[in-house]
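These notes concern the structure reproduced below.
Being a predicted model, the structure only gives us computed values, none of them experimental.
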Amino acid sequence: MSTTKVLIVAMVYFSTCHAAIPDLTGCEVAAKTEQGYVCGRIRNATNGAKYASFRGMQYGTQPLGELRFMELLPPSSFDGLFNATEAGPICAQVDVFYTPNNLVAPLSSGEDCIRINVHVPYDYLPAINATSNSSNLLPVLFWIHGGSFSYGSGDADVHGPEYLMTKDVILVTINYRLHVFGFLSLDNEYIPGNNGLRDCITALKWVQSNIRNFGGDPARVTIAGQSAGGVIAHLLSISNVTQGLFQQVMALSGHAIAGFYSYSPSYAKLINAIFLPAAGINPLQTPKKIYEDLVTAPLDNLLRGQKVLLDKFGLVSFTPVIENAQPNFTTVIFQSPEDLLNAGAGKDYPLWIGFCSNEAADFKTRLEEVNIVTKLSLQPSLTLPLNLLYSANPLTVPVLTTLQLAEYFNVTSITLEKFLVAATDSYYKYPSHRLAFKRLRVNASNTYLIQFSYPGEKSVLKDAFSQSWSGAAHVEDIAYFFRFNHFLGPQQENELVPTSNDNIMRARIINLIYGNIIVRDAPFDLKIFQYIYIEGPYDIRDEFIIDQNDTYFSNLYSVGGLGPV
Ligand SMILES: *[C@@H]1O[C@H](CO)[C@@H](O)[C@H](O)[C@H]1NC(C)=O
Ligand SMILES: *[C@@H]1O[C@H](CO)[C@@H](O)[C@H](O)[C@H]1NC(C)=O
Ligand SMILES: *[C@@H]1O[C@H](CO)[C@@H](O)[C@H](O)[C@H]1NC(C)=O
Ligand SMILES: *[C@@H]1O[C@H](CO)[C@@H](O)[C@H](O)[C@H]1NC(C)=O
Ligand SMILES: *[C@@H]1O[C@H](CO)[C@@H](O)[C@H](O)[C@H]1NC(C)=O
Ligand SMILES: *[C@@H]1O[C@H](CO)[C@@H](O)[C@H](O)[C@H]1NC(C)=O
Ligand SMILES: *[C@@H]1O[C@H](CO)[C@@H](O)[C@H](O)[C@H]1NC(C)=O
Ligand SMILES: *[C@@H]1O[C@H](CO)[C@@H](O)[C@H](O)[C@H]1NC(C)=O
């Protein structure tokens, strides 16, 4: 070995193992990451316990400039102390759900949004220079936010950790690239699709490398998400490039075969044909030129194209897609999720499949805004579950449409109220049953099917929309374990004290998630397959009833060529 090599080896050893602890004056809590030291803040959980909160850390190199559509590069190291006291920028977006209803704070957004937030009960945060050898490591809940693959963030305005931090668990939330940045697929070597999924994998790898230094156990990670986040969490669990990154999965109001999105490459083509011209890009150019135009396009042009798409489709635009392998990208979804599930993909992970009893009720305002009834009347096939519509044998679509109109719209009368019922069943409820049955068929690990129906005495979502509806709608369930800080304002002393049904419900949901999913030592962890109904704080039932709609949808999917289950 030459002298130079020895010197380099020695220097690397010195810098990685003995990096000087920076001056911590003025820093309430600090932790070490592979990139450098980070400074967080001590904050208050709802029960008065303290938690350490590290926000806005960078889990990859920011995808700026020519990196815009590339797989993320590892984060770069830094000297000194990274200020992780406040959230970083959220991903550039057109938000049609949270912002219009005052559920989030107006925040800075941009493409430098590859951020991760780690919240730790204070007593479990290791000393900054402790050897990572605690026997006291906590399980980790890794949360993937919802928002139709198009908007939202992991920030504490909606995903307030204040309730969960009353338990012995570490909460990790992330931002991942959204809409065109995260989910555009040109099905070529430049942009194969699924960048947002790969971002989540990069974040999970960051967790594996770093979470011990925050007191977390990298061998007890639950990935969870709601809506689009549930789709992503579940897709990651049926992919073959995620082994060892997590141990169990919670998919709320969304999973790999949810009916509100399509993974079909033909859907991606349709979306692109609308998006590219709307963003000012000529779709008739060579693939290389289209790619170059996308990389150099001003952010505003791409957001303008995104708005056109959302106004056309209502809530969803770009989505995860079946990819073809490409040299510079990790292939996450190489086959149809239906086929992957049939072959048993992901069956060894325990899975919590959640949905709400009246999912689509809070889409009403948005769907009125985009004049959905007119659109459906012009193209009634759009009343079908979208995964079925774009994956079915095209010749069967007229028959499928006729069946769906007869089942939900009295053949010819398309109204918004009827569409909300059809959407609840087609997008959420039946696909959840279908997924559970697929798991039964392959002898999968513990599977819970959870229907959340509690209307709330004072529901955050009903208040935000100034509307009421029966049961629980999309997003209402998560408000019982995340504090909606922006909407609710400062914490009250009694939010988890059993003085009201809502508070009792919060405590019960937190216990269910903590006990049944995160540590799995609680009462429901008894059987392999359970259907649990959550109607109210005193009404959490465990029973199994075959839904009459299942027969209808099984037939519909059979006619479309996807098989009864
Ligand atoms: C936490 O609560 C204490 C009082 O119990 C208060 O003094 C402190 O300012 C609170 N911290 C934050 C970050 O809100
Ligand atoms: C960290 O950032 C916060 C919010 O921007 C700021 O108030 C604080 O002074 C910063 N701390 C340091 C040590 O720079
Ligand atoms: C750890 O850091 C503290 C100051 O933050 C220092 O007092 C202590 O000596 C350090 N311990 C070791 C083992 O380096
Ligand atoms: C962790 O600590 C235990 C007990 O103190 C010790 O036996 C073990 O060797 C340590 N492991 C590592 C990797 O340092
Ligand atoms: C995942 O599965 C595909 C299709 O069977 C295969 O081509 C690929 O090599 C697999 N990847 C890994 C990492 O196992
Ligand atoms: C893949 O990445 C390498 C290195 O950045 C680059 O030279 C090559 O052109 C890329 N291939 C494609 C198909 O983009
Ligand atoms: C369905 O249409 C038939 C015939 O037009 C009408 O008699 C019936 O009342 C309608 N049912 C509902 C539920 O709207
Ligand atoms: C599932 O389990 C049953 C009963 O233990 C067994 O008969 C069947 O062969 C198993 N099926 C698969 C696909 O492993």
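Screening Asn195, Thr330, Thr202 for a side-chain hydrogen bond (donor to acceptor under 3.5 Å, both in side chains) with Glu71, the sole residue that qualifies is Thr330.
The six-membered or imidazole ring of Phe214 lies near that of Phe54, with a centre-to-centre distance under 6.0 Å. Aromatic rings of Tyr454 and Tyr480 (six-membered ring for Trp) have centroids within the 6.0 Å cut-off, being under it. Under the 6.0 Å cut-off for aromatic ring centres, Phe452 and Phe355 do not qualify, their centroids lying 6.0 Å or more apart.
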Quiz item: What do the steps show when you test Asp168 against Tyr124 for side-chain hydrogen bond (donor to acceptor under 3.5 Å, both in side chains), and what is the final call?
Solution: CA-CA 8 Å; Asp168 293 344; Tyr124 289 88; 3.1 Å; yes
Quiz item: Hey, mind stepping through Ser459 and Glu476 against side-chain hydrogen bond (donor to acceptor under 3.5 Å, both in side chains) and telling me if it holds?
Solution: CA-CA 7 Å; Ser459 148; Glu476 284 197 277; 2.5 Å; yes
Practice problem: Starting from the C-alpha separation in whole Å, work towards a yes-or-no answer on side-chain hydrogen bond (donor to acceptor under 3.5 Å, both in side chains) for Lys167 and Asn511. | Solution: CA-CA 9 Å; Lys167 292 286 181 189; Asn511 281 335; 2.6 Å; yes
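The side-chain heavy atoms of Leu138 and Asp217, taken from C-beta on, include no pair separated by under 4.5 Å. Pro320 has its side chain within reach of Tyr261: a pair of non-hydrogen atoms, C-beta onward, lies under 4.5 Å apart. Counting heavy atoms from C-beta outward, Tyr428 and His474 have side chains that approach closer than 4.5 Å. Ile174 is not listed as a side-chain neighbour of Trp206, based on a closest heavy-atom distance of 4.5 Å or more. Counting only heavy atoms from C-beta outward, the side chains of Ile353 and His255 approach each other to under 4.5 Å. Side-chain atoms of Phe183 and Val321, non-hydrogen and from C-beta on, never get closer than 4.5 Å to each other.
Side-chain contact check for Glu495 and Thr46: no donor-acceptor pair (N or O, by modelled atom type) lies under 3.5 Å. Under 3.5 Å, the side chains of Ser253 and Ser227 contain no donor-acceptor pair of N or O atoms.
For residues 88-125, the pairs satisfying disulfide bond (SG atoms under 2.5 Å apart) are Cys91-Cys113, with sequence neighbours left out. Applying the side chain to side chain donor-acceptor pair (under 3.5 Å) test to residues at least two apart or on different chains, the pairs with a partner in residues 173-185 are Asn117-Thr173, Arg177-Asp199. For the salt bridge (Lys or Arg N to Asp or Glu O under 4.0 Å) condition, no pair includes a residue of residues 147-163, sequence neighbours left out.
In this view, Lys429 and Asp547 satisfy the salt bridge (charged side-chain N to carboxylate O under 4.0 Å, His left out) rule, not counting sequence neighbours. Considering only residues two or more places apart in sequence or on other chains, Glu535 meets the salt bridge (charged side-chain N to carboxylate O under 4.0 Å, His left out) condition with Arg541.
Other residues, nucleotides and ligands contribute only 12 or fewer heavy atoms inside 6.0 Å of the CD atom of Glu493. The neighbour count for Asp539 CG, taken as heavy atoms of other residues, nucleotides or ligands under 6.0 Å away, is above 12.
Taking all atoms of both residues into account, the shortest heavy-atom contact from Arg483 to Pro490 is NH2-O, 3.2 Å. In terms of heavy atoms, Pro455 sits closest to Lys462 at O-NZ, 2.8 Å.
Note on Lys458 versus Asp502: no salt bridge recorded, every NZ/NE/NH1/NH2 to OD/OE distance being 4.0 Å or above.
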Review item, side-chain donor-acceptor pairs of residues 100-109, under 3.5 Å, at least two apart:
| from | atom 1 | to | atom 2 | distance (Å) |
| --- | --- | --- | --- | --- |
| Asn101 | ND2 | Phe97 | O | 2.8 |
| Asn102 | OD1 | His486 | NE2 | 2.9 |

